[in-house]
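All values reported here derive from a predicted model rather than from experimental measurement.
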Amino acid sequence: HEDLTVVWLWSQREGVFSHQTALALHNLSDVLPARVYLTLPDAQRNRRLRVPGGVVVHYGDVALSERRWFGPVPATAPLRTLEDCAAEHLPPQLLRGATLDALHQGLVAREELAAVEAALEPFGGLEP
């Protein structure tokens with residue numbers, strides 16, 4: 001996770017890896033994202049940043065309970081990751097596969113997935 005450590009240090013240790021990057025860290029996707037996705041606290045939204053190449057910044061507060069550590073770097077917990085991906089319109093086949101993997105691994109419970117299921121409803125729902 002050396003490349004992620006460099007990005008996390010750039011964020012002054014305030015960022016949390018999220019979206020497709022968190023999917024990959026949780027092994028919920030076979031797709032390796034071409035970019036690194038990082039969520040910074042809302043308080044940094046108006047700060048002028050020189051974002052490193054290949055990094056996509058989102059803003060939102062991530063509670064400690066919504067974080068998991070992968071070696072030296074934090075990422076959003078599986079449920080938060082899936083919800084973030086649903087909100088950002090991850091392609092439905094990727095979102096469905098990641099969600100089913102998370103359910104199968106016991107990382108999330110079906111009753112927690114209302115937002116994800118709503119995002120997948122126009123595409124046939126959670127079941128393939």
Side-chain angles (χ1 to χ4, degrees):
H1 305 295
E2 289 176 20
D3 54 334
L4 296 181
T5 302
V6 170
V7 173
W8 186 60
L9 291 172
W10 165 83
S11 79
Q12 299 175 349
R13 299 181 176 144
E14 293 190 30
V16 179
F17 293 98
S18 58
H19 299 78
Q20 289 96 316
T21 302
L23 284 179
L25 288 168
H26 287 292
N27 292 316
L28 296 177
S29 175
D30 292 335
V31 177
L32 292 175
R35 295 179 277 174
V36 173
Y37 294 81
L38 184 75
T39 296
L40 294 174
D42 267 331
Q44 291 193 15
R45 186 178 299 272
N46 295 323
R47 196 172 128 212
R48 291 187 183 222
L49 296 175
R50 177 170 281 162
V51 178
V55 176
V56 177
V57 173
H58 293 273
Y59 294 94
D61 294 325
V62 180
L64 291 177
S65 63
E66 296 178 311
R67 299 173 192 221
R68 300 294 180 272
W69 287 86
F70 291 87
V73 297
T76 51
L79 179 60
R80 172 69 185 257
T81 299
L82 294 168
E83 290 172 342
D84 286 347
C85 287
E88 291 295 318
H89 309 291
L90 186 72
Q93 66 275 17
L94 294 178
L95 181 59
R96 182 181 296 113
T99 303
L100 291 172
D101 284 351
L103 283 166
H104 179 73
Q105 294 176 37
L107 299 175
V108 296
R110 181 77 183 245
E111 57 271 8
E112 297 176 303
L113 296 171
V116 176
E117 290 198 72
L120 289 172
E121 189 173 327
F123 306 100
L126 185 55
E127 300 306 321

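Taking CG of L32 as the reference point, atom OG1 of T21 lies at 10.0 Å (rounded to 0.5 Å).
Within a 6.0 Å sphere centred on CG of D3, heavy atoms belonging to other residues, nucleotides or ligands number more than 12. With a 6.0 Å radius and a threshold of 12 heavy atoms from other residues, nucleotides or ligands, D61 has its CG atom above the threshold.
Linking Ile, Leu, Val, Met, Phe, Trp and Tyr whenever their side-chain heavy atoms come within less than 4.5 Å puts L38 and V73 in one cluster. Clustering ILVMFWY residues whenever any of their side-chain heavy atoms sit less than 4.5 angstrom apart, transitively, puts V55 in the very cluster that holds L40. Hydrophobic cluster membership differs between V6 and V57, with clusters built from Ile, Leu, Val, Met, Phe, Trp and Tyr side chains linked at under 4.5 angstrom. Residues Y37 and L25 do not share a hydrophobic cluster, clusters being chains of Ile/Leu/Val/Met/Phe/Trp/Tyr side chains in contact below 4.5 Å. Residues L103 and L90 share a hydrophobic cluster, clusters being chains of Ile/Leu/Val/Met/Phe/Trp/Tyr side chains in contact below 4.5 Å.
In terms of modelled atom types and a separation under 3.5 Å, the side chain of R68 and the main chain of P78 share no donor-acceptor contact. Under a 3.5 Å cut-off, the side chain of R96 and the backbone N or O of F123 do form a donor-acceptor pair. Looking only at distances, a side-chain donor or acceptor of E66 sits under 3.5 Å from a matching main-chain atom of A63.
Relative ring orientation between F70 and H26 is described as perpendicular, the plane-to-plane angle rising above 60° on a 0-90° scale split at 30° and 60°. Aromatic ring orientation, W8 versus W69: perpendicular (interplanar angle above 60°, classes split at 30° and 60°).
Within the 4.5 Å cutoff, the side chain of L23 has heavy atoms near those of the L82 side chain. Within the 4.5 Å cutoff, the side chain of Y59 has no heavy atoms near those of the T39 side chain. Contact of the R35 side chain with the Q20 side chain is not registered, since no non-hydrogen atoms from C-beta on lie closer than 4.5 Å. Using a 4.5 Å heavy-atom cutoff, the side chains of L100 and L126 are in contact.
Between the side chains of T76 and S18, not a single donor N or O lies within less than 3.5 Å of an accepting N or O. In this structure, a donor-acceptor pair under 3.5 Å is present between the side chains of R47 and Q44.
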**Request:** Please step through side-chain contact (heavy atoms from CB on, under 4.5 Å) for the pair V7 and F17, ending with a clear verdict.
**Result:** CA-CA 9 Å; V7 173; F17 293 98; 3.9 Å; yes
**Asked** Can you list the steps and then say if T81 with H19 is a side-chain contact (heavy atoms from CB on, under 4.5 Å)?
**Response** CA-CA 5 Å; T81 299; H19 299 78; over 6 Å; no
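By the side chain to side chain donor-acceptor pair (under 3.5 Å) test, N27 is found to be paired with no residue, residues two or more places apart in sequence or in another chain being considered.
Closest heavy-atom contact between P74 and G15: CG-O, 3.5 Å. Minimum heavy-atom separation, V16 to A75: CG1-C, 3.4 Å. For A102 against L28, the heavy-atom pair with the smallest separation is N-CD2, 3.6 Å.
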Quick one: side chains of residues 106-115, donor-acceptor pairs under 3.5 Å with protein atoms, not counting sequence neighbours, listed by atom name and distance.
unit_1	atom_1	unit_2	atom_2	d
R110	NE	E117	OE2	3.2
R110	NH1	E127	OE2	3.1
R110	NH2	E117	OE1	3.2
E112	OE1	A109	N	2.7

